[in-house]
Amino acid sequence: MTTDISEILETFDFLDDWEDRYKYLIDLGRELPELSSDERIDANKVRGCVSQVWLITNVKAGADGKSVLTFKGDSDALIVQGLVAIVTTLFNGKTAREILDTDVESLFAKLGLQDHLTPQRSNGLRSMVERIRTDAQNALAVA
């Protein structure tokens, strides 16, 4: 996906109707590369999501030796797939410390997600973020 988080924020700000924002979320999700059946396994599932969500984390050492994380994700639900796109865009290419220091709640508030998602989708979104934070903590512990 070539969109960055600032573009997502700008587009959400530009779209004043939530129906249009939902369409945009769906479009973001469609931009994600589809995971193979080998990647859609139980070990990659995010617990706490009503829809099926798979998240794959790769950790590599950056030039400065710090752990840099990248993510691939997918879902069987269109809007949730868009949420996966937002979360992976937000965190891709960041160090473990940057991930842990990111104010996710502030970003979600700017997008207005907490006011326009069902409680189940909000829980799933939190579960995705918690999974990423756990992976970042694990990367720091290994480093």
Side-chain angles (χ1 to χ4, degrees), residues 1-15 18 20-143:
M1 194 165 105
T2 59
T3 305
D4 66 25
I5 201 66
S6 63
E7 289 177 71
I8 292 172
L9 284 166
E10 283 179 28
T11 303
F12 260 75
D13 193 42
F14 175 75
L15 299 171
W18 262 93
D20 291 336
R21 289 178 181 176
Y22 284 130
K23 289 177 186 175
Y24 178 60
L25 263 178
I26 290 168
D27 288 343
L28 287 173
R30 287 186 174 141
E31 287 181 32
L32 290 176
E34 191 172 322
L35 296 182
S36 70
S37 58
D38 291 341
E39 294 171 312
R40 288 178 167 232
I41 58 174
D42 199 51
N44 292 332
K45 275 192 179 176
V46 176
R47 306 289 175 238
C49 295
V50 173
S51 302
Q52 293 192 82
V53 175
W54 298 271
L55 187 65
I56 299 168
T57 304
N58 286 314
V59 181
K60 294 187 179 181
D64 58 2
K66 294 179 181 175
S67 297
V68 176
L69 288 77
T70 56
F71 305 93
K72 287 178 21 177
D74 202 356
S75 176
D76 63 348
L78 291 174
I79 289 177
V80 176
Q81 194 169 3
L83 296 173
V84 171
I86 288 175
V87 170
T88 56
T89 299
L90 175 62
F91 292 117
N92 260 336
K94 289 191 174 186
T95 66
R97 176 52 48 208
E98 288 172 324
I99 289 170
L100 294 172
D101 290 343
T102 299
D103 183 1
V104 178
E105 295 303 319
S106 174
L107 173 79
F108 292 163
K110 285 180 188 173
L111 294 172
L113 293 177
Q114 71 278 18
D115 298 328
H116 292 91
L117 294 178
T118 64
Q120 295 87 352
R121 286 190 181 135
S122 291
N123 287 339
L125 184 58
R126 279 192 292 280
S127 295
M128 282 186 262
V129 170
E130 284 307 309
R131 165 77 177 277
I132 288 172
R133 286 182 185 265
T134 298
D135 290 348
Q137 287 172 335
N138 292 339
L140 275 180
V142 171

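This is a predicted model, so every value here is computed, not measured. FYI, side chains are in, hydrogens and waters are out, and symmetry mates aren't considered; it's all heavy atoms of this structure.
When all heavy atoms of Val59 and Ala139 are compared, the closest pair comes out as CG1-CB, 3.9 Å. Taking both residues in full, the closest heavy atoms of Val80 and Ser51 are given as CG2-OG, 3.7 Å, listed atom of the first, atom of the second, then distance. The two residues Tyr22 and Ile79 make their nearest non-hydrogen contact at CD2-CD1, 3.9 Å. Closest approach of Trp54 to Glu39, counting heavy atoms only: CD1-O, 4.2 Å. Here the closest heavy-atom approach between residue Leu35 and residue Asp74 is recorded as N-OD2, 3.4 Å. The shortest heavy-atom contact between Val53 and Ser75 is CG2-OG, 3.9 Å.
The shortest distance between side-chain heavy atoms of Val68 and Lys66 does not fall below 4.5 Å. Within the 4.5 Å cutoff, the side chain of Phe12 has heavy atoms near those of the Leu25 side chain. Side-chain contact between Leu28 and Thr89: absent, with no pair of heavy atoms (C-beta onward) separated by less than 4.5 Å. In this structure the side chain of Leu107 never reaches within 4.5 angstrom of the side chain of Leu113, judged on heavy atoms. With a 4.5 Å cut-off on side-chain heavy atoms, Ile8 and Tyr24 count as touching.
Taken from OG in Ser127 to CD1 in Ile132, the straight-line distance is 11.5 Å, to the nearest 0.5 Å. For the atom pair CG of Leu78 and NZ of Lys23, the computed distance is 13.5 Å after rounding to the nearest 0.5 Å. To the nearest 0.5 angstrom, Asn92 atom CG is 9.5 Å from Asn58 atom CG. For the atom pair CD of Glu130 and CG of Leu125, the computed distance is 10.5 Å after rounding to the nearest 0.5 Å. Expressed to the nearest 0.5 Å, how far OG1 of Thr57 lies from CG of Asn138 amounts to 9.5 Å. Annotation: the span from Met128 atom CE to Leu55 atom CG amounts to 8.5 Å, rounded to 0.5 Å.
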Could you go through the side chain to side chain contact (heavy atoms under 4.5 Å, CB included) check for Thr102 and Phe91 one step at a time? CA-CA 9 Å; Thr102 299; Phe91 292 117; 3.9 Å; yes

Would Ile86 and Ile5 count as a side chain to side chain contact (heavy atoms under 4.5 Å, CB included) if you check the C-alpha gap in whole Å, the side-chain angles of each, and the deciding distance to 0.1 Å? CA-CA 7 Å; Ile86 288 175; Ile5 201 66; 4.2 Å; yes

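No more than 12 heavy atoms of other residues, nucleotides or ligands sit less than 6.0 Å from atom CD of Glu34.
In summary, the side chains of Ser6 and Asp4 do present a donor paired with an acceptor at a separation below 3.5 Å, with no hydrogens or angles considered.
Between Arg131 and Asp135 there is a salt bridge, since a side-chain N of the basic residue sits under 4.0 Å from a carboxylate O of the acidic one. Electrostatic pairing of Arg47 and Asp42 counts as a salt bridge here, judged by a charged N lying under 4.0 Å from a carboxylate O.
Partners of Leu100 according to the side chain to side chain contact (heavy atoms under 4.5 Å, CB included) rule, which considers only residues two or more places apart in sequence or in another chain, are Arg97, Arg133, Ala136, Gln137, Leu140. Looking at residues two or more places apart in sequence or on another chain, you find no ring pair (Phe, Tyr, Trp, His ring centres under 6.0 Å) involving Phe108.
Distance alone, capped at 3.5 Å, is enough to place a donor-acceptor pair between the Asp76 side chain and the Gln52 backbone. Listed for the Arg21 side chain is a donor-acceptor partner under 3.5 Å among the backbone atoms of Leu15.
Between Trp18 and His116, the ring planes lie parallel to each other; the angle is under 30°, not in the 30° to 60° tilted range.
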